[in-house]
Amino acid sequence: MLRDITAAGGLHRRFLLQVILPLLLVLAMTGIGGLYAIHWAAARSDAASMEQQHHLLEVALSDTLAHLATQQRSVALWRPLAEVLAAPRPDLAFLDENIGGWLHEMFGHDATYVLGPRDAGRYVSQDGLRQGPDAFAAVEQGLAPLLDALKRESTMLGRQAGPSAGGAADGNVVPATAQVETMQSLLGRPAFVAAARIPRLDVTSAAEFSTEREFFSIVSVIFLDAGYLRELGARTNLADLRLADPEDALAPTEAALTLHAPSGEPLGRLVWRADRPGSEMQRALIPTALGMLAVVTLIFGLMARRLWRSLCGAVRILRELRASEAQAQHLAFHDVLTGLPNRALFDDRLGQALAQVQRESGRIALLLLDLDRFKHVNDTMGHHAGDILIREIATRLANQMRDADTVARVGGDEFMIVLAGVESSADADARCDAIQAAIRRPCVLLGNPISPSATIGYALAPDDGAERGELMRKADIALYAAKAAGRDTWRRFEQSMDDTVRMRNDISTDLRAALEHQQGLAVHFQPQVDGASRKVVGLEALVRWQHQRRGTIRPDEFIPIAEETGLIVPLGEWVFRQACRTARRWPQLFMAVNVSPVQFRNATLAQRLIAIAREEQCDPAQIELEITEGVLLEDDQRAHTCLAELRQAGFKIALDDFGTGYSSLHYLQRFRVDKIKIDRSFTQSLGACADAPAIIDSVVGLGRAMGLTITAEGVETQEQMQALVAAGCHELQGYLFSLPLPEDRLEEAIANAGQDGTHA
Ligand code: C2E
Ligand code: CA
Ligand code: CA
């Protein structure tokens, strides 16, 4: 039943069909069977009881008839009666007392008739009272068949006995007599009637009954009247016993016994209130049985409900299990924050897209997209804002996708996109433009208006490669190039980019080896002179690298690579150590060392430099650390703390390359430096650009006002030197005075400085 749980209706129907229906069937069968059994038993019991009642009644009736005969015979065979009747005039008073009265009083006979020979009525007693002989006329005809039967009986009796049969010859033996009894209609009423011959005194053998001699007979009658029925009812325990016409309808509670004359003619019907113990038992049992059925039904119902609930519970658990399975499945392949596919799913889709490109012709673009300045949003507005922005960008990207495209989030602010069905690189370019335009729409983030932007690098398949790894690498190179080009832009992969990257990789590998083996690296020192005396006052340490194959590689080339790869940290420390050693040789000169912004990301920078200076026994006060504006501009507390620690330790801080960046000195209010070095591009614009002197004037003026030393870099000509000195620069540096030199050539350069006014 749990197999198909997706359809709730199906479950319901199955439960009804497979559980409830059989249950109902069992209940119905039990109920019907039980009721039928009760009914059957009741009917059986009723029938048996009915039979018994009939039997009882029949026995009672035949008893009455038998008693009637017995009682009659006791009188018929009574000798004094025969004697009285033998007299020519019977003694009526005797008959009243001993026959009519006696039988009525003693046995309740309703009528007694004594008949003379040829059945002539001699004596009639009704209800114990003698009647006139004519009273016999009313019953004469009714009794005729019985008296005929008596005659036949008597004849038969005589024949059976035979002439030699013994009798009451001695007068003491009561001879047998002929007797018949029946139930018949008399005076329009059913009655028990018995007739017997009264033996004659002169007849001593039974054989004589058969002779046509004169005999007296006696007829006794008991009517089935109210009195008899009452007595019969009491005897048989039948209630409300009454006599009814055979045609009368019966009440349902009544039972009846039809009385028949020997001729078969119905005499009437005995009706009584039937005792039906079965029906009574049924009446008593049915409510109990129904009650029990109801209880069983209730129990079944409760069980079914319980079952249904546990079933529903099981199904629910199963559904939840499936749902959580589906959810787990979803989580495994989707980014939680944005709901976009994650890297795993993206890889899968990219694989499919590439396979399709290989099978059928066609073209896809793999885009790598990085959000610009996301770290800034996170740092200044908090991670919550960052999350909102990422979700917003995800929505915008998703809206830009077509059916077969896939966009995935693969890192904090990094997305990957497969554009399917790209027709040309121009088509892909247009899609990149559209995506960037969508991202560029300004929005409000936790109350702050922001203008997001993204940088995209992409590669085309099969043009740039049909293999996933290669395509990914090329898109990454393009992204790098786009970032290098100043962000909020896109670049398509070009072969030249690959060469550059390859070269950069080679350089970083070689630089690492050079650093490790102390091969090819050197530090040169460029003197810095006093503006007025032209005497050397300081040196700037500049790293030099003589590559085995490539020859001299300029710092402008390898320093950025060292910064990217983190090699700048050991490289910077190495230069710093060399500078410290050289500085000890010229304690009267300050030693300037360049420190990259990347080094400031390392929290231990200050401790490291202090430790190295101590190891090389160099006074930090002799060292000038050249930093760029970026370090001060960054809202990085770590860099500021680091700078403060370094100043605390005695190092001087010089602001290098001033004029190339923001060219604003207001951040110097937040962090004090000791020196400003005007960038050589400014120096070289002197004479070329009309505004240059004014700018230099204002910078020098401001710097001096703040009590800073002003140095000008890149001084190559006398004119520049003069203009800068005139503008108020304290110190000068440039080829006009000296190239950067190895340590062993410094002595001479320092000694010669200022002698000819130019070269050190
Ligand atoms: P920078 O700190 O501005 O160093 C001065 C650069 O100007 C040096 O180039 C120097 O040779 C050059 N220069 C000096 N006088 C003149 C001149 O009169 N005319 C012209 N055109 N150039 C002049 P270099 O040695 O090639 O270094 C380039 C940059 O590389 C440096 O610029 C500095 O930013 C970086 N760098 C060099 N060595 C190190 C180092 O050890 N650590 C770090 N972090 N950066 C270094
Ligand atoms: Ca410098
Ligand atoms: Ca500089």
Side-chain angles (χ1 to χ4, degrees), residues 511 514-515 521-529 536 538-546 552-583 590-602 605 608-609 612 623-631 652-661 663 673-688 699 709-721 724 729 731-743 749 758-760:
L511 182 61
L515 201 56
L521 287 173
V523 179
H524 286 191
F525 301 89
Q526 186 175 33
Q528 304 185 30
V529 301
V536 174
L539 301 165
E540 180 176 1
L542 295 161
V543 69
R544 293 291 175 266
W545 185 20
Q546 189 68 30
T552 304
I553 302 179
R554 295 190 301 122
D556 292 337
E557 285 178 84
F558 70 83
I559 291 290
I561 297 172
E563 284 178 334
E564 265 169 44
T565 55
L567 277 176
I568 191 70
V569 174
L571 181 66
E573 286 183 6
W574 180 78
V575 172
F576 183 77
R577 193 180 289 278
Q578 307 306 313
C580 285
R581 286 178 189 166
T582 306
F590 66 81
M591 175 65 77
V593 184
N594 294 285
V595 183
S596 158
V598 176
Q599 287 174 271
F600 276 93
R601 288 183 204 150
N602 195 329
L605 174 69
R608 287 292 300 152
L609 297 188
I612 292 169
I623 309 285
E624 222 172 69
L625 300 174
E626 295 195 1
I627 62 167
T628 48
E629 282 174 308
V631 174
K652 302 258 172 353
I653 306 294
L655 193 58
D656 205 357
D657 302 339
F658 183 79
T660 54
S663 309
V673 298
D674 302 284
K675 182 184 274 188
I676 292 175
K677 291 183 83 176
I678 296 173
D679 190 70
R680 67 172 179 268
S681 58
F682 266 88
T683 305
Q684 277 151 20
S685 64
L686 281 171
V699 170
T709 305
I710 311 295
T711 302
E713 297 182 304
V715 185
E716 294 179 357
T717 64
Q718 291 283 346
E719 292 75 37
Q720 288 166 352
M721 179 188 76
L724 290 162
C729 285
E731 291 164 3
L732 305 168
Q733 180 180 355
Y735 297 161
L736 180 64
F737 311 107
S738 171
L739 290 168
L741 298 170
E743 189 185 334
T758 50
H759 271 275

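Owing to the predicted nature of the structure, the values given are computational and were not obtained by experimental measurement. Counting starts at 1 for both ligands and their atoms, following the listed order.
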Which bit of [X] gets closer than 4.0 Å to ligand 1, counting heavy atoms only: side chain, backbone, both or neither?
X: Asp679; answer: neither
X: Leu542; answer: both
X: Glu713; answer: side chain
X: Gln526; answer: side chain

Close approach, [X] and ligand 1, non-hydrogen under 4.0 angstrom:
X: Arg554; result: no
X: Gly714; result: yes
X: Gln684; result: yes
X: Arg544; result: yes
X: Glu540; result: yes

Checklist entry - Considering only heavy atoms, which of Val595, Asp657, Asn594, Thr683 lies nearest to atom 33 (C) of ligand 1? => result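 Shortest heavy-atom distance from atom 33 (C) of ligand 1: Asn594.
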At a 4.0 Å threshold, what atoms of ligand 1 neighbour a non-hydrogen atom of [X]?
X: Gly734; result: 15 (N), 18 (O)
X: Arg680; result: 6 (C), 7 (O), 12 (C), 20 (C), 21 (N), 22 (N)
X: Val575; result: 41 (O)
X: Pro740; result: 11 (O)

Validation row: [X], [Y] side chains within 4.5 angstrom (heavy atoms):
X: Cys729; Y: Ile678; value: yes
X: Asp657; Y: Glu626; value: no
X: Phe576; Y: Leu625; value: yes
X: Asp674; Y: Thr709; value: no
X: Ile559; Y: Val543; value: yes
X: Gln546; Y: Thr552; value: yes

Hey, is ligand 1 close enough to [X] that some N/O pair sits below 3.5 Å?
X: Gln599; answer: no
X: Glu716; answer: yes
X: Ile559; answer: no

Next on the checklist: Given the Ca ion (ligand 2) as the apex, I'd like the angle to OE2 of Glu540 and OE1 of Glu626, rounded to 10 degrees.
Outcome noted: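 An angle of 90° at the metal.
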Checklist entry - How wide is the angle at the Ca ion (ligand 2) between OD2 in Asp656 and OD1 in Asn594, to the nearest 10°? => result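 Between OD2 of Asp656 and OD1 of Asn594, at the Ca ion (ligand 2), the angle is about 80°.
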What protein heavy atom sits nearest [atom], and how far off is it?
atom: atom 26 (O) of ligand 1; value: Pro555 CD, 3.5 Å
atom: atom 39 (C) of ligand 1; value: Val543 CG1, 3.8 Å
atom: atom 28 (C) of ligand 1; value: Asp556 OD1, 3.1 Å

To the nearest 0.5 Å, how far apart are [atom1] in [X] and [atom2] in [Y]?
X: Leu724; Y: Thr711; atom1: CG; atom2: OG1; answer: 10.5 Å
X: Gln528; Y: Phe590; atom1: CD; atom2: CZ; answer: 4.0 Å
X: Trp574; Y: Leu567; atom1: CH2; atom2: CG; answer: 13.5 Å
X: Arg601; Y: Ile568; atom1: CZ; atom2: CD1; answer: 11.0 Å

Checklist entry - What's the shortest heavy-atom distance between Phe525 and Thr582, and which atoms? => result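 Smallest interatomic distance, heavy atoms only, reads CZ-OG1, 3.1 Å.
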Next on the checklist: Closer than 4.0 angstrom, basic N to acidic O: yes or no for Arg581 and Glu743?
Outcome noted: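 Salt bridge absent between Arg581 and Glu743.
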Checklist entry - Does the protein put a heavy atom under 4.0 Å from atom 11 (O) of ligand 1? => result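 Yes, there is a protein heavy atom closer to it than 4.0 Å.
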Checklist entry - Can Glu624 and Lys677 be said to form a salt bridge (charged side-chain N to carboxylate O under 4.0 Å, His left out), step by step? => result CA-CA 12 Å; Glu624 222 172 69; Lys677 291 183 83 176; 6.0 Å; no
Item to check | For the Ca ion (ligand 3), the closest N/O/S atom belonging to Asp657 | outcome: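 Answer by atom name: OD1.
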Checklist entry - Glu629 side chain to Phe658 main-chain N or O, any donor-acceptor pair under 3.5 Å? => result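 No, the answer is negative, given that no donor and acceptor are paired below the 3.5 Å cut-off.
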